[in-house]
Number of protein chains: 2
Amino acid sequence: MSLRMALLGLLAVSGPASGYDLTKLFEKSISHAWHARHSQIYPELNKMAADGLVTVQEEGPRGRKGYAITEEGSRRLREWLVGTEHFRPVRDEGALRAFLLPMLEPPEAVALLRGEAERYGAKLAALEEFDRAKAREGKSGFGRYALDLGIRQMRMMRDWAEETADRIERDDRG
Amino acid sequence: MSLRMALLGLLAVSGPASGYDLTKLFEKSISHAWHARHSQIYPELNKMAADGLVTVQEEGPRGRKGYAITEEGSRRLREWLVGTEHFRPVRDEGALRAFLLPMLEPPEAVALLRGEAERYGAKLAALEEFDRAKAREGKSGFGRYALDLGIRQMRMMRDWAEETADRIERDDRG
DNA sequence: TCCTTCATGTAACCTGTTACATGATTCC
DNA sequence: GGAATCATGTAACAGGTTACATGAAGGA
């Protein structure tokens, strides 16, 4: 369902687009929220067309198909957003690794955490730069709230990794 | 791979256990990090036994099989933890919904966010209580770092939802 | 005796990944 | 003419969910 909704959302914001366009848009605009490849996007668009959520509005060169969101698609998207059934089972590899951390020797765990802190810091910097670029362009900022969330997430993870490394070092020495 | 590692981790901490035990342990100890059902756990344990990561150590009543982690299993777990290839594609429904939020009328979006903030607050309270209970028992706290991470996550999400709701209300009025 | 809990499994289906496959257009 | 990019797809497999299926043991 989420993939469908992401595609409908992108079509709603960007206007008509092909599977190819949507694949790139995914990468460019919501890669920090949801990920999908063309091999999943193309079949999904065909199913969505069969279900009346999108229509093929125009056919271009090289077999290009320009999809547009329908009334029905727009209605479904809104319904899904407002709907309250959004408890999905947690599956967070970072948290799982955190859980298993005590299996390692303290110095190993500390090294691991310092490395992760660095990677989270790098992603944080990238998102902050993206945010600044958007602000400069004065974009209406469709992804503004999600970007803010992404920044908070990266900051939280970086701080957790750093502070947990400190804590393990302290406990190891003390 | 993650499910395997979670099972190996639980076996390492708890000692020998059956698929049934592990299903409950999953629920009880790492539900905020990883989720799995018995229908996935039983076949996985069989495959892991075939791969030599666990062994059936004892057979009890009602066809119960007590699994124990092997040397090889322990080695593989440690290897996986230290290995650096842990970039998995983001797939975060909360963030996706955040991205799509501007599709709604401001009052709708605000109501949605207030509701989410409340649910995150409730989960935060539950994790904090769990943490206090563990501290009281004086447990060595295998899941200590993961629990700390979970608490930070819930707090971050709650604050984001609350502050984004405030922001949308301000923008709507101003 | 009956209910609950213990205990293990399978089958159909959905979501997503990796790799393979093909061909048109445009730009140099 | 050749390379890059545009453009769409399929097949095999891995991971996960839902529902179905079965039966033994223990406690009231």
Side-chain angles (χ1 to χ4, degrees), chain A residues 1-8 10-11 14 16-28 30-31 33-51 53-54 56-67 80 85-93 96, chain B residues 1-8 10-11 14 16-28 30-31 33-51 53-54 56-67 80 85-93 96:
Chain A
M1 204 78 315
S2 296
L3 173 61
R4 265 180 186 222
M5 297 308 145
L7 290 170
L8 288 177
L10 288 176
L11 283 174
S14 69
S18 67
Y20 188 85
D21 296 338
L22 287 164
T23 302
K24 279 188 303 173
L25 258 177
F26 242 94
E27 196 61 23
K28 208 179 67 175
I30 49 171
S31 60
W34 203 265
H35 178 262
R37 321 207 156 218
H38 81 272
S39 58
Q40 201 186 356
I41 290 171
Y42 288 122
E44 188 64 28
L45 284 168
N46 281 323
K47 283 182 229 153
M48 288 162 77
D51 293 346
L53 307 181
V54 298
V56 178
Q57 213 190 29
E58 43 167 56
E59 309 217 0
R62 280 165 290 204
R64 177 192 170 92
K65 294 190 243 173
Y67 290 95
W80 180 79
E85 302 305 324
H86 292 279
F87 316 95
R88 33 174 59 206
V90 184
R91 211 162 270 118
D92 178 343
E93 196 175 296
L96 177 59
Chain B
M1 204 75 316
S2 296
L3 173 60
R4 266 180 185 222
M5 298 307 146
L7 289 170
L8 288 177
L10 288 176
L11 283 175
S14 70
S18 67
Y20 187 85
D21 296 336
L22 287 164
T23 303
K24 280 188 303 173
L25 260 175
F26 242 96
E27 196 62 23
K28 209 179 68 176
I30 49 171
S31 62
W34 203 265
H35 179 263
R37 319 207 158 220
H38 82 271
S39 59
Q40 201 186 356
I41 290 170
Y42 286 123
E44 188 64 28
L45 284 169
N46 281 324
K47 281 183 229 154
M48 288 163 77
D51 292 347
L53 307 181
V54 297
V56 179
Q57 210 190 30
E58 41 165 60
E59 309 219 1
R62 280 164 292 202
R64 176 192 172 91
K65 293 191 245 174
Y67 290 95
W80 180 80
E85 300 306 323
H86 292 278
F87 316 96
R88 34 173 59 207
V90 184
R91 211 163 267 118
D92 178 342
E93 195 175 297
L96 177 59

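Chain naming here is simple, since letters A, B, ... match the order of the sequence lines and numbering starts at 1 in each.
Atoms CZ and CG, from B:Arg88 and A:Asp92 in turn, are 9.5 Å apart once rounded to the nearest 0.5 Å. Here the CH2-CZ distance, from B:Trp80 to B:Arg4, works out to 12.5 Å after rounding to the nearest 0.5 Å. The CG atom of B:Asp21 sits 4.0 Å away from atom CZ of B:Arg64, with the distance rounded to the nearest 0.5 Å. Atom CG of A:Leu45 is separated from atom OG1 of A:Thr23 by 8.0 Å, given to the nearest 0.5 angstrom.
Whole-Å rounding puts the B:Met48 CE to C:dT8 P distance at 14 Å. Rounded to whole Å, the distance from CZ on A:Arg4 to C1' on C:dG16 is 15 Å. The nearest whole Å value for the distance from the CZ atom in A:Phe26 to the P atom in C:dT17 is 11 Å. Here D:dT8 presents its P atom at 11 Å from CD of A:Glu58, a figure rounded to the nearest Å. Across the protein-nucleic acid pair, A:Glu59 atom CD and D:dA7 atom P stand 13 Å apart, rounded to whole Å. One can place CZ of A:Arg88 at 11 Å from C1' of D:dG16, the figure rounded to the nearest angstrom. The distance from atom CD1 of B:Ile41 to atom C1' of C:dC6 is 15 Å, rounded to the nearest whole Å. Counting to the nearest Å, the P atom of C:dG16 and the CG atom of B:Leu96 are 11 Å from each other.
The base of C:dT15 lies outside donor-acceptor range of the side chain of A:Ser2, with no N or O pair under 3.5 Å. For D:dG9, the base has a donor-acceptor partner in the side chain of A:His38 [N/O atoms by modelled type, under 3.5 angstrom].
DNA chain C is contacted by both B:Gln40 and A:Arg62; B:Gln40 maps to the nucleotide lying nearer its 5′ end (nearest heavy atom per residue). In terms of position along DNA chain C, the nucleotide closest to B:Pro43 lies nearer the 5' end than the nucleotide closest to the other residue of the pair A:Ser39 and B:Pro43.
OP1 or OP2 of C:dG9 has not a single side-chain nitrogen or oxygen of B:Tyr42 nearer than 4.0 Å. Side-chain N/O atoms of B:Arg91 include one lying less than 4.0 angstrom from OP1 or OP2 on C:dG16. For A:Lys24, no side-chain nitrogen or oxygen approaches OP1 or OP2 of D:dA7 to under 4.0 Å.
The shortest side-chain heavy-atom distance between A:Lys65 and A:Val54 does not fall under the 4.5 Å cut-off.
For B:Tyr20, counting side-chain heavy atoms from C-beta on, the closest listed nucleotide (D:dT17, C:dC6, D:dT5) is C:dC6. The listed nucleotides are D:dA25, D:dT8, D:dT17; the one nearest the side chain of A:Lys65 is D:dT8.
Here B:Arg64 lies in heavy-atom contact (under 4.0 Å) with sugar-phosphate atoms only. Looking at heavy-atom distances under 4.0 Å, A:Ser18 makes contact with sugar-phosphate atoms alone, never a base.
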